Number of protein chains: 2
Amino acid sequence: MPARVVTLKPPTGEEAPLCCAPLTDSPLSAADAAELAAILAALGDPVRLRLVSLVAAAGEVCSCNLEAPLGKSQPTISHHTRVLTEAGLITGERRGRWTWWSVVPERLAVVRRLLGGE
Amino acid sequence: MPARVVTLKPPTGEEAPLCCAPLTDSPLSAADAAELAAILAALGDPVRLRLVSLVAAAGEVCSCNLEAPLGKSQPTISHHTRVLTEAGLITGERRGRWTWWSVVPERLAVVRRLLGGE
DNA sequence: CTGTCATATTGACAACAGTCTATACGTCAA
DNA sequence: TTGACGTATAGACTGTTGTCAATATGACAG
């Protein structure tokens, strides 16, 4: 089992404005649409959705505990964690040999709000 | 401009259970993940997102008023409206020669709830 | 019936995405 | 340093997706 704590760098330097009104209120700008679409596309895969769900429900999960429940190979899991990380939906924290993943709740909140959340 | 009102058939017969707890509370089943992912994938395209946004903001829009703001050809618009319809996110209503599109707010609400909306 | 107009469908093509095997990289223990 | 182990990357393959030109469908007007 893991031991020390070494925070990973924020994998992408992308800063997300993505702030404003729900898309049901006023037409999205092309730029906002592109950014929101990128997040939604990251969530638009069954394996990644379940991955996010597993991580969210557990609080923290290491990659080694994702392969079995998702039924995918290690490189495939690594691929999906990367996509989700680049979308800002999860973050990885390296502790020794293990990488522990957790969700970024604010990112999901952004999606909810843009989708018309009250 | 249009005239008579003839409601379109519900384009896909798919009935969506997709009911339960937010994916942040407990791991999604493979089936729920597949269905939610399909909706999110439909929203995971900039053109479709803006299309939904345009329709939602205007209440109702006919296809002929989508080509210009989205900068896509007529068949491409038709393609995207179909994808969104099959995902249950918009519905089309035929009035004479025009098809008027409107959003299905409950469908967006489903997404928000599954994404952890309170 | 015929022509016109709005929308849908078809077919084609390039680009992308999900998956795997093989391999490289980093970290810890001895 | 060396070996073992968890994770990341590279490369290849396949299936899907966004797009458009061409064509079909369906509705209204005359």
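The basis for the numbers below is simple: all heavy atoms, side chains too, and nothing from hydrogens, waters or symmetry mates. For clarity, every value in this text was computed on a predicted model and none was experimentally measured. Here is the naming used below: chain letters follow the sequence lines, and residue numbers restart at 1 for every chain.
B:R97 places its CZ atom 7 Å from the P atom of C:dA6, with the value rounded to the nearest Å. The CD-P distance, from B:E86 to D:dT17, rounds to 11 Å in whole Å. Taking atom CG on B:L66 and atom P on C:dT7, their separation rounds to 9 Å, with Å as the unit. In this structure, the CH2 atom of B:W98 is 13 Å from the P atom of D:dA27, given to the nearest Å. Atom P of nucleotide D:dC20 and atom CD1 of B:I77 are separated by 9 Å, given to the nearest angstrom. The CG-C1' distance, from B:L49 to D:dG18, rounds to 15 Å in whole Å. When the C1' atom of D:dT19 is taken as reference, atom CG of B:L51 falls 15 Å away, rounded to whole Å. What separates CD of A:E93 from C1' of D:dT7 is a distance of 16 Å, to the nearest Å.
If you check C:dT7, C:dA8, D:dA8 against the side chain of A:S78, the one that comes closest is D:dA8. With C:dA6, D:dT7, C:dA8 as the candidates, the nucleotide lying closest to the side chain of A:T99 is D:dT7.
At distances below 3.5 Å, not a single donor-acceptor pair connects side-chain atoms of B:S53 with backbone N or O atoms of B:L49.
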Grab the N/O contacts between the protein and nucleotides 16-20 of chain C below 3.5 Å, and write none if there aren't any.
residue	atom	partner	partner atom	Å
C:dG18	OP1	A:R48	NH1	3.4
C:dG18	OP1	A:R48	NH2	2.8
C:dG18	OP2	A:R48	NH1	3.2
C:dT19	OP1	A:K72	NZ	3.0
C:dT19	OP2	A:H80	NE2	2.4
C:dC20	OP2	A:S73	N	3.1
C:dC20	OP2	A:S73	OG	2.9
C:dC20	OP2	A:T76	OG1	2.6

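Hydrophobic clustering, with ILVMFWY side chains joined whenever heavy atoms are under 4.5 angstrom apart, groups A:L115 together with A:V110.
Here B:R82 reaches the OP1 or OP2 of C:dT9: one of its side-chain N or O atoms lies under 4.0 Å away.
The nearest pair of heavy atoms linking A:V47 to A:L70 is O-CD2, 4.0 Å. For the pair A:V103 and A:V52, the tightest heavy-atom approach, listed with the atom from each and the gap, is CG1-O, 3.8 Å. Counting all heavy atoms, side chain and backbone alike, A:S102 lies closest to A:E60 at CB-CG, 4.2 Å. Nearest heavy-atom pair across A:L66 and A:W101 is CD1-CD1, 4.3 Å.
Shown here are the salt bridge (charged side-chain N to carboxylate O under 4.0 Å, His left out) partners of A:R97, two or more places apart in sequence or in another chain: there are none.
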